[in-house]
Amino acid sequence: MGINCLRVVPKIPPSAKHKIIISHSFSHSLLFTKRSSRAIHAAAASSSMSYEKELAAAKKAASLAALLCQKVQKALLQSDVHSKSDKSPVTVADYGSQALVSLVLERELPSESFSLVAEEDSGDLRGNSGQETLQRIRTLVNDTLANNEYSSVSNLTTDDVLRAIDNGKSEGGSRGQHWVLDPIDGTKGFLRGDQYAIALALLDEGKVVLGVLACPNLPLTSISGENQQSSQDKVGCLFFATVGTGTYMQPLDGSSLLKVHVSATENPEEASFFESFEAAHSLHDLSSTIAKKLGVKAPPVRIDSQAKYGALSRGDGAIYLRFPHKGYREKIWDHAAGCIVVTEAGGVVADAAGNPLDFSKGKYLDLETGIIVTNQKLMPLLLKAVKESLEERASSL
């Protein structure tokens, strides 16, 4: 299994001119000792390449998509929509976000071959029943482009929009470069007016080398249990990372760049953990058992989407546990951007058996049971608690 979220000694990008908070590096996790030689060679190969152009394009695309989604969510909260299956604002935002990201990446990187692995396709929009929704998407995308720096391309036709959406039909894989997109990660959070993310990553030869998370509703201050969000908190975070350069956070308006680092907590009793808001997305009872074995005293922080990865990367909590129900297959767009955002901030992302996530096999992640995320010092203890909890669960069935 290949190592796909690489962690090397961070270096500050030369283009970073804003205030930067520098955090110390952790030693390599014991999780990776058996694979250290392979990881070092892969890291050296990836870090020798510059992804500055790709990062700039990805930040621009995700930020514009966030503006589009914010506009739609504002309208959504004034409606009675409760299901993604409706011809609703969330449907429009999903498609509109994907079309916008696709268009911006193609325009900003015109000389590069373009491959996008994304969640949506235009099938439901091409029939007669989808025409009204398609027109709403077209209008929303054009308005977003016109109000920013893309007014020259803000007269897209419905065919242009359909083509942009269907750019996301790539299967990914271990060869070449592939963008990976979840246009709205955390649909139920979006519907409730809570957390969601536009999650965009770049694979290069099967490795995640770049990730951007736009989290429009995530406060700029910590959301840890002792620091609950207030209505006065400013919201809207952009997290980004490229392999070998660390992880950074800034407001969605592009100001005040900060370098972030995962929690340095070594004592599990002092740790707090994230899990999915929806019980349908993760086994909360299993997470509770694991937390008890670790001695975690704080209650879980439950939020939607890959915003959890962003919050973890800046130390809001120390652990993220995700254990989907039996039969669910994880998709690469649900974790690619979050994975590199956390690993470049000094964290470790693994499946329940301690294997690093492999994004080189296509649209799906083939992994053991679930996904666990923490800092490098807590990971051995977490793996032990996970193993014991899974064994106890299996014996009780």
Side-chain angles (χ1 to χ4, degrees), residues 62 65-66 68-70 72-74 76-77 79 81-86 88-94 97-98 118-120 180-201 211-225 227-229 231 233 235-239 249 252 272-288 299-314 316-317 319-325 328 330-339 341-342 349 365 370-373:
L68 180 151
C69 291
Q70 286 173 309
V72 177
Q73 192 184 57
K74 184 177 180 181
L76 169 64
L77 297 179
S79 72
V81 174
H82 296 292
S83 171
K84 189 175 179 179
S85 63
D86 296 336
S88 65
V90 68
T91 305
V92 173
D94 238 351
S97 175
Q98 183 160 316
E119 186 173 19
E120 307 298 342
V180 179
L181 171 69
D182 194 334
I184 296 183
D185 183 39
T187 303
K188 292 188 176 180
F190 185 93
L191 286 166
R192 290 194 311 272
D194 290 337
Q195 297 303 327
Y196 66 98
I198 295 89
L200 180 60
V212 176
L213 291 175
C215 306
N217 289 341
L218 190 67
L220 293 168
T221 55
S222 174
I223 59 168
S224 61
N227 210 1
Q228 293 296 326
Q229 179 181 358
S231 60
D233 289 339
V235 300
C237 301
L238 187 73
F239 298 90
M249 182 191 79
L252 277 172
S272 60
F273 74 96
F274 292 112
E275 63 181 351
S276 298
F277 185 94
E278 299 284 341
H281 294 169
S282 187
L283 298 170
H284 286 174
D285 58 338
L286 178 56
S287 295
S288 177
V301 178
R302 292 174 177 165
I303 61 174
D304 302 279
S305 83
Q306 289 180 69
K308 291 184 284 292
Y309 280 106
L312 199 76
S313 76
R314 69 185 184 187
D316 288 9
I319 299 167
Y320 167 32
L321 302 173
R322 179 178 170 88
F323 293 94
H325 292 268
Y328 181 80
E330 297 280 7
K331 288 87 171 177
I332 61 173
W333 52 71
D334 287 326
H335 299 281
C339 181
V341 163
V342 165
V349 182
L365 288 170
I371 293 174
I372 57 177
V373 186

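As the structure is a prediction and not an experimental result, all values here were calculated from the model.
- Listed by chain and residue number, nothing satisfies the ring pair (Phe, Tyr, Trp, His ring centres under 6.0 Å) test with F239 (two or more places apart in sequence, or in another chain).
- Nearest heavy atoms, A214 versus L252: CB-CD2, 4.1 Å.
- Closest approach of A199 to L213, counting heavy atoms only: CB-CD2, 3.7 Å.
- Looking at heavy atoms from C-beta onward, V373 lies in side-chain contact with Y309 at the 4.5 angstrom threshold.
- In terms of modelled atom types and a separation under 3.5 Å, the side chain of Q195 and the main chain of A307 share no donor-acceptor contact.
- Residue D194 holds its CG atom at 9.5 Å from CD1 of I303, rounded to the nearest 0.5 Å.
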> Passes side chain to side chain contact (heavy atoms under 4.5 Å, CB included), F190 versus V72? Steps please.
Replying inline: CA-CA 10 Å; F190 185 93; V72 177; 4.2 Å; yes
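- Shown are L181, L238, L68; of these, the side-chain contact (heavy atoms from CB on, under 4.5 Å) with I198 is made only by L181.
- Considering CD of E119 and NZ of K331, their distance stands at 7.5 Å, rounded to 0.5 Å.
- To the nearest 0.5 Å, atom CG of residue L286 and atom CZ of residue F323 are 5.0 Å apart.
- Here the side chains of L218 and M249 are not in contact, with every heavy-atom distance at 4.5 Å or above.
- Scanning all heavy atoms of the two residues, the minimum distance from S287 to L321 falls at OG-CB, 3.7 Å.
- Separating the CD1 atom in I332 from the SG atom in C339 is a distance of 11.5 Å, to the nearest 0.5 Å.
- For the residue pair L220 and C237, the shortest heavy atom distance occurs at CD2-SG, 3.6 Å.
- Going from atom CG of D182 over to atom OG of S97 covers 8.5 Å, rounded to the nearest 0.5 Å.
- Side-chain contact between D316 and F274: present, with at least one pair of heavy atoms (C-beta onward) separated by less than 4.5 Å.
- Considering only heavy atoms from C-beta on, I223 stays 4.5 Å or farther from K308 through its side chain.
- Side-chain contact between P216 and V235 is absent, with no heavy atoms from C-beta onward closer than 4.5 Å.
- Residues Y328 and R322 approach most closely at CE2-NH2, 3.7 Å, considering heavy atoms.
- A heavy-atom distance below 4.5 Å is not found between the side chains of F273 and I372.
- Minimum heavy-atom separation, Q306 to A336: OE1-N, 4.3 Å.
- Rounding to the nearest 0.5 Å places CG of D94 at 4.0 Å from CD of E120.
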>> The test is side chain to side chain contact (heavy atoms under 4.5 Å, CB included); show your working for N217 and Y196 and say whether it passes.
In response: CA-CA 7 Å; N217 289 341; Y196 66 98; 3.7 Å; yes
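- Considering only heavy atoms from C-beta on, D304 comes within 4.5 Å of R192 through its side chain.
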